[in-house]
Peer 1: 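Just dropping this structure here.
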Amino acid sequence: MTRRTSLSHLVFASALLATTVLGTAPAQADNANWSPQSSERLVKLPPSYLKKSLDHDFKQSSLGEALGETEENISLKGQTLADLKQAIGSSNGDVRLELRHEFLAEKRAYLNMMTDRNALRRQHLETKRNLFEDMLDHLNAQENQGPGAEEVIANQDAAFERFERTYADVDKNFFATNMEPESKYAQQFSQNMQAIEQLVARIENHKMNASSMTDDGLPLTRKEHLRRLVSDVQSELSVIEQEETILGYMAKLVALDAMDLAEDGMDMELADSDVTNALKPATSVSYFLDN
C-alpha cells in the first residue's frame with residue numbers, strides 16, 4: 001500500500017468513526033439474565049444476610065457473569081488507551097497519524113463497553129428494585145389478611161412467650177421445692193438451665209438477629225428496611241443516568257476528534273499530491289511575449 005493510499009484509508013476510517021460512535025447495541029444485555037423470586041423465605045431473611053444472599057445469587061447468574069466480564073474488559077481497554085496515549089506523545093508524521101486513528105478507534109470501543117456495562121448495571125438494579133417491591137407487597141398482603149390480623153398475630157406471639165416463661169418457672173420451682181439441693185437431678189437441672197440461658201442470650205445477641213438501623217441508630221422494621229433498599233437502588237439508577245450523560249459527551253468528543261483527524265489526513269494527502277499548483281495568468285505572461 002502506497003503512502004497516499006494509506007492516508008486515504010485513514011481519512012475514510014476517521015470520517016466513518018465520526019458518524020458511528022456509540023452506534024452499536026449492547027448485545028450482552030440481551031442474552032444475560034437474573035431472575036430472583038420473592039418468597040416467604042426471602043422475606044424472613046435477616047436484613048444483613050438478605051443483601052449478601054442476593055449479591056451472591058446475582059454473581060452466579062448469567063447477568064452477573066456478563067457484568068464481571070465487561071468490567072474486566074473495560075479495565076484492559078483502559079490500559080490500552082493509556083499505552084496508546086503515551087505512544088502518540090513520542091511519535092511523529094504518519095506513525096503519529098496512524099496511532100491517533102487507532103486511539104480514536106479504541107476510545108470508541110471503550111465507550112461502547114461502558115455503555116454495555118451501564119445497560120447490565122441498569123438491568124441488575126431494576127430487577128433488584130422489582131424484587132424489593134414484590135417483597136413489600138408480600139408483607140403488605142400478610143398485614144391485610146384481615147382486620148387486626150397483625151395485632152392478633154403479635155398478641156399470639158406474646159402469649160406464647162408468656163406461656164414458655166411460666167412453664168420454665170414452674171419447672172424451676174418444682175425442682176427447687178421437691179428436690180434435695182444436693183441431688184444429682186437438681187444439679188443436672190441447674191446445669192441445663194444455665195446452658196439454655198446462655199444459648200438464648202447468644203441467639204438474642206447474634207448479629208443475624210440484629211435489626212437494620214437508621215443513620216440515627218434507630219432500629220428499622222422489615223418494611224422500613226425494604227423501603228430503604230428500594231431507595232438505595234433508585235439512587236444507584238440516578239448515578240447511572242448521570243454516567244450515561246457523561247458517556248454521551250465523551251462520544252461527542254470522539255466524533256469531533258475523528259473529524260479533526262480526517263481533516264489532518266486530507267491536509268497531508270493534499271500536500272503529498274503529485275499535481276503541481278495551477279499556474280496563474282500573471283505568471284504565464286512570459287509565454288506570450290515571444291513567438
Side-chain angles (χ1 to χ4, degrees), residues 1-32 34 55 58-59 61-126 235-272:
M1 182 181 294
T2 65
R3 182 173 183 271
R4 190 176 178 186
T5 304
S6 177
L7 286 173
S8 297
H9 174 74
L10 288 178
V11 169
F12 173 76
S14 300
L16 187 64
L17 261 177
T19 58
T20 57
V21 174
L22 293 184
T24 58
Q28 286 177 306
D30 294 337
N31 303 322
W34 180 48
D55 288 346
F58 169 70
K59 194 173 181 179
S61 69
S62 60
L63 183 61
E65 290 177 354
L67 180 57
E69 183 180 349
T70 302
E71 290 182 337
E72 185 177 346
N73 290 336
I74 287 173
S75 178
L76 294 174
K77 189 64 70 179
Q79 185 58 51
T80 300
L81 289 175
D83 293 342
L84 280 172
K85 186 176 182 180
Q86 185 176 8
I88 290 172
S90 58
S91 61
N92 297 296
D94 292 351
V95 174
R96 179 182 173 84
L97 186 64
E98 290 185 13
L99 286 175
R100 285 177 62 195
H101 174 265
E102 187 176 352
F103 189 48
L104 275 178
E106 293 294 340
K107 282 201 288 189
R108 177 197 174 197
Y110 176 80
L111 290 178
N112 282 334
M113 286 181 182
M114 295 287 281
T115 301
D116 287 355
R117 185 186 69 165
N118 275 359
L120 295 170
R121 289 171 63 198
R122 178 179 290 280
Q123 187 178 349
H124 170 217
L125 291 172
E126 289 178 347
S235 298
E236 291 184 68
L237 285 169
S238 298
V239 170
I240 287 181
E241 289 178 4
Q242 287 181 318
E243 292 180 357
E244 288 171 346
T245 300
I246 294 172
L247 288 176
Y249 286 127
M250 293 169 77
K252 180 66 175 177
L253 281 173
V254 169
L256 291 173
D257 287 345
M259 285 191 283
D260 181 50
L261 184 58
E263 186 179 22
D264 288 350
M266 285 187 285
D267 288 343
M268 294 179 70
E269 188 176 1
L270 290 172
D272 195 47

Peer 1: Do Lys107 and Asp257 come within less than 4.5 Å of each other through their side chains, counting heavy atoms only?
Peer 2: yes
Peer 1: Roughly how far, to the nearest 0.5 Å, is the OG atom of Ser62 from the CG atom of Leu67?
Peer 2: 11.5 Å
Peer 1: Less than 4.5 Å apart, any side-chain heavy atom of Val95 and any of Leu99?
Peer 2: yes
Peer 1: Of the non-hydrogen atoms in Met114 and Leu247, which two are nearest, and what is the gap between them?
Peer 2: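 Met114 and Leu247 have their closest heavy atoms at CB-CD2, 3.6 Å.
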Peer 1: Does some side-chain heavy atom of Leu76 sit less than 4.5 Å from a side-chain heavy atom of Thr80?
Peer 2: no
Peer 1: Do the non-hydrogen side-chain atoms of Gln79 and Asp83 ever get within less than 4.5 Å of each other?
Peer 2: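 Yes, close enough: below the 4.5 Å cut-off.
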Peer 1: Supply the atom-to-atom distance Ser90 OG to Arg96 CZ, rounded to the nearest 0.5 angstrom.
Peer 2: 9.0 Å
Peer 1: Measuring from atom CG of Leu111 to atom CG of Asp116, what distance do you get when rounded to the nearest 0.5 angstrom?
Peer 2: 11.0 Å
Peer 1: On a heavy-atom basis, which atom in Gln123 and which in Ala32 lie closest, and how many Å separate them?
Peer 2: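 The answer is NE2-O, 3.1 Å.
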Peer 1: Is there side-chain contact between Lys59 and Glu65, with at least one heavy-atom pair below 4.5 Å?
Peer 2: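 They are not in side-chain contact.
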Peer 1: Please report the interatomic distance OH(Tyr110) to OG1(Thr115), rounded to the nearest 0.5 Å.
Peer 2: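 The distance works out to 10.5 Å.
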Peer 1: Let's go through Asp260 and Asp264 carefully: what are the C-alpha distance in whole Å and the side-chain angles of both, what is the deciding distance for side-chain contact (heavy atoms from CB on, under 4.5 Å) to 0.1 Å, and is it a yes or a no?
Peer 2: CA-CA 6 Å; Asp260 181 50; Asp264 288 350; 4.1 Å; yes
Peer 1: At their closest point, which heavy atom of Thr70 faces which heavy atom of Arg117, and how far apart are they?
Peer 2: CG2-CB, 3.8 Å
Peer 1: Looking at NE2 of His101 and CD1 of Ile88, how far apart are the two atoms once the value is rounded to the nearest 0.5 Å?
Peer 2: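 Atom-to-atom, His101:NE2 and Ile88:CD1 are 11.5 Å apart.
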Peer 1: Do the ring planes of Phe58 and His124 sit parallel (below 30°), tilted (30 to 60°) or perpendicular (above 60°)?
Peer 2: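 Plane angle under 30°, so parallel.
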Peer 1: Kindly check if the number of other-residue, nucleotide or ligand heavy atoms within 6.0 Å of CD (Glu241) is above 12?
Peer 2: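 Result for CD/Glu241: enclosed.
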Peer 1: Using salt bridge (Lys or Arg N to Asp or Glu O under 4.0 Å), reason through Glu243 and Arg121 one step at a time and then give a plain yes or no.
Peer 2: CA-CA 12 Å; Glu243 292 180 357; Arg121 289 171 63 198; 2.6 Å; yes
Peer 1: Kindly determine whether Asn118 and Met113 satisfy side-chain contact (heavy atoms from CB on, under 4.5 Å), including the steps that lead there.
Peer 2: CA-CA 9 Å; Asn118 275 359; Met113 286 181 182; over 6 Å; no
Peer 1: Can you measure from OG (Ser235) to CD1 (Ile240) and round to the nearest 0.5 angstrom?
Peer 2: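 Ser235 atom OG to Ile240 atom CD1 measures 11.5 Å (nearest 0.5 Å).
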